[in-house]
Amino acid sequence: MREVKFYRCEVCGNMVALIKEGGGTLVCCGQQMTLLKANTTDASEEKHVPYVEVEDGKIKVTVGSVIHPMTEAHYIEWIALVTENKIELVYLKPGMEPKAEFVYNAEEDIIHTVEGDDEIVPNCEGQTCNFVSKEKVKKNFTVYEYCNLHGLWKA
Ligand SMILES: [Fe+2]
């Protein structure tokens, strides 16, 4: 699963996505930036975990399973898709719906793992037709969202 690290400066609010890891320490306003931990489970009634549907060649994301507020004081700032070969980020504003759509390319964005010869299904969308196990077709992407009050979440 391809993932990306996000960091925030607790002084000025700068936020960065680490597009390539070098190993050094990220510093802003004279101090170490905070590595944001992405939450994956909602304990409260308010739902933040991105709700993801794949259909019609698109990855459709809604925050969350119950629609998150989009007021000036409390809203989803962005939704990001990370796949094997790309990062896409959609900015949102108060008053908008907490949703984003991304073009989904099965050839590039999803890894098909072939294992065994039982339960094989044809996969002929590309140039060559190979066979993949039904159980082993992996959707290899991560969806992140950032709430201005409740931080980073992923699915
Ligand atoms: Fe929130």
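Order of appearance sets the numbers: ligands from 1, and atoms from 1 within every ligand. Small disclaimer: the values here were computed from a predicted structure and weren't measured.
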Any idea which heavy atoms bring Asn148 and Glu72 closest together, and the distance? ND2-O, 4.4 Å
Does the side chain of Arg2 reach to within under 4.5 Å of the side chain of Thr142, using non-hydrogen atoms? no
Looking at His68, the N/O/S atom that lies nearest to the Fe ion (ligand 1) is called NE2
With a 4.5 Å heavy-atom cut-off, do Arg8 and Tyr146 have their side chains touching? yes
How large, to 10°, is the angle at the Fe ion (ligand 1) when you draw lines to NE2 on His74 and to SG on Cys147? 90°
Anything under 30° is parallel, anything over 60° is perpendicular, the rest tilted; go ahead and classify His48 against Trp153. parallel
Just to confirm my numbers, could you give the angle made at the Fe ion (ligand 1) by ND1 of His150 and NE2 of His48, rounded to 10°? 90°
